[in-house]
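Reading through the structure tokens given below for one structure.
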2 protein chains.
Amino acid sequence: MAANSQFAMALHVLTLLAHSDGSNLKSENIACSVNTNAVVIRRILSQLRQAGLVASQTGAAGGTKLARSAEDIALVDVYRAVCCGEVFALHSRSPNQDCPVGRGMESVLCNLQKQIDNSVGETLAKYTLRDITQMVDENQHERVLG
Amino acid sequence: MAANSQFAMALHVLTLLAHSDGSNLKSENIACSVNTNAVVIRRILSQLRQAGLVASQTGAAGGTKLARSAEDIALVDVYRAVCCGEVFALHSRSPNQDCPVGRGMESVLCNLQKQIDNSVGETLAKYTLRDITQMVDENQHERVLG
DNA sequence: TGTATCTGTAACTATACTTGTTACAGATAT
DNA sequence: ATATCTGTAACAAGTATAGTTACAGATACA
């Protein structure tokens with residue numbers, strides 16, 4: 001239990017929801033496919049709900065379904081929803097401001113961080129949830145590399 | 001002390017080395033600018049050394065200097081050297097293989113992971129250590145966004 | 001040759017983050 | 001009413017990163 005796997009789990013969850021078109025899925029059933037606890041799933045669903053990607057219903061016969069069609073959910077939307085964090089972190093302690101290099105590094109690194117985040121976002125914007133479901137269904141996993 | 005800031009620190013270290021052209025820098029002095037412990041710096045230098053980016057000398061009057069000129073060190077080289085890890089992690093437990101979606105997710109996610117890593121690498125390949133030192137020197141931090 | 005100074009690395013601690021788990025209040029279909 | 005679901009708080013466990021201390025080994029230099 002180390003690195004953040006929320007994006008991976010979120011994509012898995014959404015793929016399941018896309019498959020059960022229209023009907024509510026229970027967190028318990030989703031958890032079974034993802035191989036984790038139902039509460040972990042509900043936590044992820046909570047973030048996806050706040051991002052407007054899914055809609056949940058409480059009570060008996062409740063559950064969660066997609067709030068938009070799979071074609072209208074880009075992977076970057078999922079990425080932003082669970083906000084996995086940055087590719088690299090800045091210094092945990094600020095650099096020494098008495099040093100010219102230390103003084104200048106932070107803003108340079110911060111800008112670089114933003115630029116990398118943008119390129120990740122652009123890559124993830126190329127694919128929709130529908131692309132993922134198709135790859136999972138057809139086992140045409142190569143498409144994601146082409 | 002949370003996210004991996006080794007790439008940020010490595011870039012800071014290399015920028016300092018690029019400034020002291022030719023002469024050895026002591027880990028203690030580098031640590032002062034980065035605002036951390038000398039051993040933390042030596043650990044990062046160890047990785048940069050293995051990647052052939054710096055050269056160290058033990059003993060009195062020892063220290064570390066760049067092994068190549070700053071123009072010949074691309075940021076992607078630094079990124080690979082400290083191997084910060086992936087943008088997102090795969091499931092910590094494998095998905096349920098009895099579920100069609102669970103069975104298909106892993107390879108799809110793995111391919112997506114590789115593609116993202118490639119786009120990060122391409123972005124970082126655009127800049128060299130010289131670009132960083134210039135931005136730090138001239139405070140033309142905007143360049144990294146242009 | 002002896003000493004001071006530096007690196008390289010092991011070992012340990014502290015901290016923080018992620019996940020897993022239990023528990024329970026609130027909502028809702030039947 | 002009751003069974004069944006979600007939402008969320010609270011806590012435990014595992015792990016990664018960074019910080020720190022300690023010390024062996026290398027080397028310049030008096």
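Please read these numbers as outputs of a predicted model, since none were measured by experiment.
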Interatomic distance, [X] [atom1] vs [N] [atom2] [rounded to whole Å]:
X	N	atom1	atom2	result
Asn35(A)	dT19(C)	CG	C1'	13 Å
Ile41(A)	dT19(C)	CD1	C1'	11 Å
Asn37(A)	dT21(C)	CG	P	5 Å
Ile30(A)	dG20(C)	CD1	C1'	17 Å
Asn24(A)	dA29(C)	CG	P	10 Å
Ile44(A)	dT18(C)	CD1	C1'	11 Å
Arg93(A)	dA16(C)	CZ	P	12 Å

Counterpart residues, ring pair (Phe, Tyr, Trp, His ring centres under 6.0 Å), relative to Phe7(B) (two or more places apart): Phe88(A), Tyr79(B)
Euclidean distance, Leu17(B) CG relative to Leu129(B) CG, rounded to 0.5 Å: 8.5 Å
Terminal helix-axis angle for the helix from dT1(C)-dA30(D) to dT30(C)-dA1(D), with five pairs defining each axis and rounding to 10 degrees: 10°
Pairs involving residues 32-42 of chain A, ordered by first then second residue, that meet side chain to side chain donor-acceptor pair (under 3.5 Å) (sequence neighbours left out): His12(A)-Ser33(A), Ser27(A)-Arg42(A)
Over all atoms of both residues, closest heavy-atom pair of Ala38(B) and Glu28(B): CB-OE1, 3.7 Å
Where Leu66(B) and Ile73(B) come nearest, the two heavy atoms and their spacing: CD2-CD1, 4.2 Å
Ser56(A) side chain near Arg49(A) side chain, heavy-atom distance below 4.5 Å: yes
Test item: Gln113(A) and Leu90(A) side chains (from C-beta on) under 4.5 Å apart, heavy atoms: yes
Any residue meeting salt bridge (charged side-chain N to carboxylate O under 4.0 Å, His left out) with Glu71(A), in chain and number order, not counting sequence neighbours: Arg130(A)
Under 3.5 Å: donor-acceptor pair, side chain of Asn96(A), backbone of Cys32(B): yes
For nucleotides 2-9 of chain D, list the nitrogen or oxygen atoms of the protein found under 3.5 Å from its nitrogen or oxygen atoms, one pair per line.
| residue | atom | partner | partner atom | Å |
| --- | --- | --- | --- | --- |
| dT4(D) | O2 | Ala60(A) | N | 3.1 |
| dC5(D) | OP1 | Lys26(A) | NZ | 2.5 |
| dC5(D) | O2 | Gly59(A) | N | 3.3 |
| dT6(D) | OP1 | Ser27(A) | N | 2.8 |
| dT6(D) | OP2 | Ser27(A) | OG | 2.8 |
| dG7(D) | OP1 | Arg49(A) | NE | 3.2 |
| dG7(D) | OP1 | Arg49(A) | NH1 | 3.1 |
| dG7(D) | OP1 | Arg49(A) | NH2 | 2.9 |
| dG7(D) | OP2 | Arg49(A) | NH2 | 2.6 |
| dG7(D) | N7 | Arg42(A) | NH1 | 3.0 |
| dG7(D) | O6 | Arg42(A) | NH1 | 3.0 |
| dT8(D) | O4 | Arg42(A) | NH1 | 3.3 |

In one Ile/Leu/Val/Met/Phe/Trp/Tyr side-chain cluster, 4.5 Å: Val76(B), Ile132(B): yes
Glu106(A) versus Ser94(A), side-chain donor and acceptor atoms under 3.5 Å: yes
Selection: residues 5-21 of chain A, any non-hydrogen atom under 4.0 Å of DNA chain C: Ser5(A), Gln6(A), Met9(A)
